[in-house]
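Index from 1, following the sequence.
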Amino acid sequence: MTGKRISKRTGIILFTVAMLTMATVIVFYQNPLANPQDERIKKLIACGIILIAIMGFALLYDKITVLPAELFQSRHLIWKLANNDFKKRYAGSYLGAVWALVQPVVTVVMYYLVFDVIMDSSRQMANGSVPYVLFLTAGLVPWFYFTESLQNGTNALLEYNYLVKKVVFKISILPIIKIIAATFIHVFFVCILLIIAAVYGYYPGIYTIQLVYYSFCLFILVLGICYSTCAIMVFFRDIGQIINILLQVGMWATPIMWDVNQFSPKVQMLVKINPLVYIVNGYRSTIFDQTWFFNDFYSTMYFWIITVVLFGVGAVVFKRLKVHFSDVL
């Protein structure tokens, strides 16, 4: 993006062309191993969502595009504030950022002892050749990133309420600041995951670069969600407790400690409605299955369609409620 912004008409045309191209690829893609009826259902649902997304983008163009534009214009400030946020969080503590690492590591160890050592859950895995501790860690690493980003991003406006009241400050950058700060911890855990994988003989290779892609997927997904939740949080504080409950349910609804492949195809399709399944499976396919993300075509298309829709909804909700933030805070 340069100093000039593209016109509304051009923006709508570009978005429409991109979405129609995606729809065309979905319609003509054929998976010889898939059930033809299930494949048709997936294509119809995908094309329906794409059509709704195009119509919504055209009607709400100004509200949706203002948010990405502000983020790009404030990119240098965002990076500076994200670094400050991360340092401030552990200021005054002797161990500093080490505390951010202790709880997730202890959680991984406890789950491993309970589910692998005591209950021997590895026997229930479809792929019994993968060590359960590696299977578990590959699921928990993106989950920890998602939960911390969602919780911190949701509370961003309340935590920085003194900035929200400043007329000249672009408050739209506050949620992304919290998510970037959480990314620093996530990078550490990705390194731990790679070390554990290497211990069991799964060394980094060309597929490892996909961790950047899947981390970016998770970043955009949680950012889109946070723009809705942080805006609602200003007016309805109970949403924080609701999110905590949903995260507890989501921990078990997402195939983190269990293998989705042990169920029938119909159950798998139902479970995969959760976009986080794509992320968790992506981390695992990168570490020990060593397959490219585009091999799972429908899941990739579904994830990005849902993510674009959630981001658009978040942008509209945030834009509509933003004018009342300073009054409530």
Query raised in the report: Just wondering, are more than 12 heavy atoms of other shown residues or ligands nearer than 6.0 Å to CZ in Phe28?
Result: no
Report summary line: All heavy atoms of Trp304 vs all of Cys217, minimum pair found to be CZ2-SG, 3.4 Å
Report summary line: Residues passing the side chain to side chain contact (heavy atoms under 4.5 Å, CB included) test with Ala182, sequence neighbours excluded, are Tyr145, Glu148, Ser149
Report task. Work out which heavy atom in Ala46 is nearest to a heavy atom in Ile26; give both atom names and the distance. Result -> CB-CD1, 3.9 Å
**Report entry** With Ser172 via side-chain hydrogen bond (donor to acceptor under 3.5 Å, both in side chains) - residues at least two apart
**Finding:** Glu70
Report task. Applying ring-ring contact (aromatic ring centres under 6.0 Å, His included), name anything that partners Phe184, two or more places apart in sequence or on another chain. Result -> Trp79, Phe86
Query raised in the report: Which distance, rounded to the nearest 0.5 Å, do you find between the OH of Tyr200 and the CZ of Phe135?
Result: 14.5 Å
Requested in this report: Kindly give the heavy-atom pair with the smallest separation between Leu134 and Tyr202, and that separation in Å.
Outcome: CD2-CD1, 3.6 Å
Report task. State, yes or no, whether a side-chain contact exists between Leu174 and Cys230 at a heavy-atom distance under 4.5 Å. Result -> no
Report task. Identify, with sequence neighbours excluded, every residue that meets ring-ring contact (aromatic ring centres under 6.0 Å, His included) alongside Tyr214. Result -> Tyr278
Identify every side-chain donor-acceptor pair in residues 308-319 under 3.5 Å, counting partners at least two apart or on other chains, and give the distances.
none

Report task. Determine, step by step, whether Leu158 and Arg237 satisfy the side chain to side chain contact (heavy atoms under 4.5 Å, CB included) criterion, reporting the C-alpha distance in whole Å, the side-chain angles of both residues, the deciding distance to 0.1 Å, and the verdict. Result -> CA-CA 10 Å; Leu158 297 183; Arg237 305 295 172 90; 3.6 Å; yes
Query raised in the report: Quick one: ring-ring contact (aromatic ring centres under 6.0 Å, His included) partners of Phe293, sequence neighbours excluded?
Result: Tyr213
Report summary line: All heavy atoms of Ala53 vs all of Met19, minimum pair found to be CB-CE, 4.1 Å
Requested in this report: Not counting sequence neighbours, which residues clear side chain to side chain contact (heavy atoms under 4.5 Å, CB included) with Thr208? List them please.
Outcome: Leu194, Pro204, Leu211
Query raised in the report: If you link I, L, V, M, F, W and Y whenever their side-chain heavy atoms are under 4.5 Å apart, who else ends up in the same group as Ile13?
Result: Val17
Query raised in the report: So do Phe325 and Asn161 actually touch side chain to side chain, heavy atoms under 4.5 Å?
Result: no
Query raised in the report: Are Ile180 and Ile78 side-chain neighbours, meaning at least one heavy-atom pair lies under 4.5 Å?
Result: yes
Report task. Decide whether Thr21 and Thr24 meet the rule of one side-chain donor and one side-chain acceptor closer than 3.5 Å. Result -> no
Query raised in the report: Is there a donor-acceptor pair closer than 3.5 Å between any side-chain N or O of Gln248 and the backbone N or O of Ile243?
Result: no
**Report entry** Donor-acceptor under 3.5 Å (Lys178 side chain, Ala156 main chain)
**Finding:** no
Query raised in the report: So do Glu159 and Asn152 actually touch side chain to side chain, heavy atoms under 4.5 Å?
Result: no
Query raised in the report: Taking only residues two or more places apart in sequence, or in another chain, which ones meet Lys80 in a side chain to side chain contact (heavy atoms under 4.5 Å, CB included)?
Result: Asn84
Report task. Give a yes or no on whether Arg75 atom CZ has more than 12 heavy-atom contacts from other residues, nucleotides or ligands under 6.0 Å away. Result -> yes
Query raised in the report: Do Thr307 and Pro275 come within less than 4.5 Å of each other through their side chains, counting heavy atoms only?
Result: no
Query - For Phe144, all residues meeting ring-ring contact (aromatic ring centres under 6.0 Å, His included), sequence neighbours excluded - result: none
Query raised in the report: Is Ile52 reachable from Tyr302 through a run of I, L, V, M, F, W or Y residues, each pair having side-chain heavy atoms under 4.5 Å apart?
Result: no
Requested in this report: Could you tell me which non-hydrogen atom of Ala197 sits nearest to which non-hydrogen atom of Ile287, and how far apart they are?
Outcome: CB-CG2, 3.6 Å
**Report entry** Under 3.5 Å side-chain donor-acceptor pair for Ser215 and Tyr283
**Finding:** yes
Query raised in the report: In chain order, what residues pass the side chain to side chain contact (heavy atoms under 4.5 Å, CB included) check against Met251, with sequence neighbours excluded?
Result: Tyr111, Leu140, Trp143, Ile256, Met257
Query raised in the report: Any idea which heavy atoms bring Leu163 and Ile171 closest together, and the distance?
Result: O-CG2, 3.9 Å
Query - 4.5 Å side-chain heavy-atom contact, Leu223 and Phe219 - result: yes
Query - By side-chain hydrogen bond (donor to acceptor under 3.5 Å, both in side chains) - contacts of Asn244 (at least two apart) - result: Gln151
Report task. Could you grab the distance from atom NZ of Lys170 to atom CG of Leu67, nearest 0.5 Å is fine? Result -> 11.0 Å
Report task. Answer whether the closest heavy-atom distance between the side chains of Val260 and Val267 falls below 4.5 Å. Result -> no
